[in-house]
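Just below is one structure, and these are the notes that go with it.
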Protein chains: 2
Amino acid sequence: MPARIAKPNARSKLLDAALSMIRAKGYCATTVDELCAAAGVTKGAFFHHFKNKDELGVAAAEHWSEVTGALFAAAPYHDHADPLDRVLGYLAFRKALLQGSVPDFTCLVGTMVQETYDTAPAIRDACDRSISSHARTLEADIEAAMRDRAMSPDWTPESLALHIQAVLQGAFILAKAKGGPQVAADSMDHLTRYLTLLFRAGGEIPNP
Amino acid sequence: MPARIAKPNARSKLLDAALSMIRAKGYCATTVDELCAAAGVTKGAFFHHFKNKDELGVAAAEHWSEVTGALFAAAPYHDHADPLDRVLGYLAFRKALLQGSVPDFTCLVGTMVQETYDTAPAIRDACDRSISSHARTLEADIEAAMRDRAMSPDWTPESLALHIQAVLQGAFILAKAKGGPQVAADSMDHLTRYLTLLFRAGGEIPNP
DNA sequence: GATTACATACCAACCAGTCGGTATTTTTAA
DNA sequence: TTAAAAATACCGACTGGTTGGTATGTAATC
């Protein structure tokens, strides 16, 4: 008998449906009825598991953190010996994820926070936690890469990790505007070039 | 008698109200009734000027292009002699615009395209036109800066101009998540650093 | 036997959009 | 020059469908 097949109850079916539906249509345009229909559950089940729609939004952001957290934790870029290669590998991995249609590769919390930061503080906070904790997974490698090169710049590992997230989020917006991933891939290439130049410049010791 | 005082009719009052309300609450959460109340006009006036809500969304994106287009056209960064200084001046200008509360400095079309790219193609196209035409205003200076340094890189002026927009849009998302402009300013600093490194590296001729 | 997990029917508020009507401006024409 | 005519700009009550949310009931599980 398999250890645990994660019986799909109404709650997890709703959360999974929320991830794709909110990414496609946005949080506000996602109605409870439609979400229940997509998840194959009834409205009664929805309001049994979530006090209201906003609580689903918070839970969706947390679910997103878990799903993507597992994805990135298992990704191969962690295997590089050089910490800078791990950061660049992270970006290559993100670029490789640009597959399928636009809602398939864009970010739930980046989409949600735009709509909710002024109207639903609880959702905004959940989105912030998701983005910030993901950015934090890069900080150790950035710091190690700085230490290797004895850099003492006027920016912090945290600010660079957040900048990387900003570029990714912005790349998704452009991809939505243009209807395809190409512009996002190009932007990620520019970001990779920045990191390469930045750490090359910082580590460069002038040869007399 | 003054030449023209631009009598505020219902249409322009609605468009002005739309710019701030949609930036604060998003497109979907902005109701026609609320918008009319904020603009001080009636619902009849709304549907006299706009066939439906989506048509207002398109008109709002175009209005945004006009307002911001005039702002950037009149900005002082165009006065620099060096084209790279003009691009860096543009970024400094964008950073200086990070004043007031978050909805005051974020971008209407970046917000709208997230919600509408799948549900309202007409609005999505209008947002794309707004972003792309704004990016295009940077291309000539980028190209001139490349020419000055005899660069022949594997990226185009268009891709760099779009990357700049991506960083700005992403910076706004992070500002919304964190509730303030600091993280956006930091990201713009990283972008400025990228441009500096990029054009320094490209123009560098090794001294033997 | 009691708490959890769902299902069904229902509701009040709200939503985009309509419609008949009035005020104002512009066009036409005597 | 001006008055009639026509078009535009705006008003506000109304509507029908939708929305988030509730009340009540039942089946499964601990």
Side-chain angles (χ1 to χ4, degrees), chain A residues 1 4-19 21-22 24-61 63 112 115-116 118-124 126, chain B residues 1-19 21-22 24-61 63 112 115-116 118-124 126:
Chain A
M1 201 188 292
R4 211 178 227 299
I5 289 284
K7 155 174 70 111
N9 57 358
R11 186 185 150 91
S12 60
K13 278 193 282 184
L14 281 166
L15 287 175
D16 286 336
L19 294 200
M21 188 169 283
I22 296 175
K25 315 184 17 165
Y27 173 75
C28 176
T30 295
T31 70
V32 174
D33 285 295
E34 269 183 307
L35 193 61
C36 291
V41 306
T42 63
K43 219 169 170 181
F46 182 100
F47 285 101
H48 171 71
H49 288 288
F50 307 103
K51 203 173 84 231
N52 49 41
K53 191 188 170 188
D54 278 8
E55 205 176 74
L56 166 98
V58 173
H63 186 50
M112 265 207 301
E115 292 180 76
T116 59
D118 212 39
T119 49
I123 298 181
R124 197 216 61 169
Chain B
M1 198 189 295
R4 211 177 229 303
I5 289 282
K7 155 177 70 116
N9 56 358
R11 187 186 149 90
S12 61
K13 278 193 282 185
L14 281 166
L15 286 175
D16 286 338
L19 294 200
M21 187 169 282
I22 296 175
K25 315 184 17 166
Y27 173 75
C28 177
T30 295
T31 71
V32 174
D33 284 294
E34 267 184 308
L35 192 61
C36 291
V41 306
T42 63
K43 220 168 171 181
F46 182 99
F47 285 100
H48 171 73
H49 289 287
F50 306 103
K51 202 173 85 231
N52 48 42
K53 192 188 170 188
D54 279 8
E55 205 175 74
L56 166 100
V58 172
H63 186 50
M112 266 207 301
E115 293 181 74
T116 60
D118 211 39
T119 50
I123 298 181
R124 198 215 60 171

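The analysis underlying the following values was restricted to heavy atoms, covering all of them including side chains, and did not include hydrogens, waters or symmetry mates. Chain A is the first sequence line, chain B the second, and so forth, proteins listed ahead of strands; every chain is numbered from 1.
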Is any NZ, NE, NH1 or NH2 atom of the basic residue among B:Lys25 and A:Glu115 found under 4.0 Å from an Asp or Glu carboxylate oxygen of the other?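 Result for this pair is no, no salt bridge flagged.
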Starting at atom [atom1] of [X], determine the distance to atom [atom2] of [N], rounded to an integer number of angstrom.
{"X": "A:Phe46", "N": "C:dA5", "atom1": "CZ", "atom2": "C1'", "value": "16 Å"}
{"X": "A:Phe47", "N": "D:dT24", "atom1": "CZ", "atom2": "P", "value": "17 Å"}
{"X": "B:Arg11", "N": "D:dT8", "atom1": "CZ", "atom2": "P", "value": "15 Å"}
{"X": "B:Asn9", "N": "C:dT24", "atom1": "CG", "atom2": "C1'", "value": "13 Å"}
{"X": "A:Asp33", "N": "C:dC14", "atom1": "CG", "atom2": "C1'", "value": "14 Å"}
{"X": "A:Lys25", "N": "D:dT18", "atom1": "NZ", "atom2": "C1'", "value": "12 Å"}
{"X": "A:Leu35", "N": "D:dT19", "atom1": "CG", "atom2": "P", "value": "12 Å"}

For the student: nearest non-hydrogen atoms of A:Asp118 and B:Ala24, plus distance: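 Looking at all heavy atoms of both residues, the closest pair is CB-O, 3.2 Å.
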Any idea which heavy atoms bring A:Met21 and A:Ala38 closest together, and the distance?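 Shortest heavy-atom separation between A:Met21 and A:Ala38 comes out as CE-CB, 3.6 Å.
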DNA chain D: 5'-proximal contact among A:Gly44 and A:Thr30 (nearest heavy atom):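 The answer here is A:Thr30.
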Ranking A:Lys43 and B:His48 by the position along DNA chain D of their nearest nucleotide, the one closer to 5' is B:His48
Side-chain donor/acceptor of B:Asn9 to backbone N/O of B:Ser12, under 3.5 Å: yes
Keeping B:Thr116 on the side-chain end and B:Thr119 on the backbone end, is there a donor-acceptor pair under 3.5 Å?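 Checking the backbone N and O of B:Thr119 against the side chain of B:Thr116, no donor-acceptor pair under 3.5 Å is found.
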Of the options A:Ile22, A:Thr30, A:Val58, which is the one that meets A:Met112 in a side-chain contact (heavy atoms from CB on, under 4.5 Å)? A:Ile22
Does A:Lys53 make a cation-pi contact with A:Tyr27, if we ask for NZ or CZ under 6.0 Å from the ring centre and within 45° of the axis? yes
Which nucleotide in the set D:dG20, C:dA16, C:dC6 lies at the smallest distance from any side-chain heavy atom of B:Val32?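 Ranking D:dG20, C:dA16, C:dC6 by closest atom to the B:Val32 side chain puts C:dA16 first.
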Do any of residues 49-59 of chain A sit with a heavy atom less than 4.0 Å from DNA chain D, and if so which? A:Asn52, A:Lys53
Heavy atoms under 4.0 Å, any strand shown: does A:Thr42 hit a base, just sugar-phosphate, or nothing? base
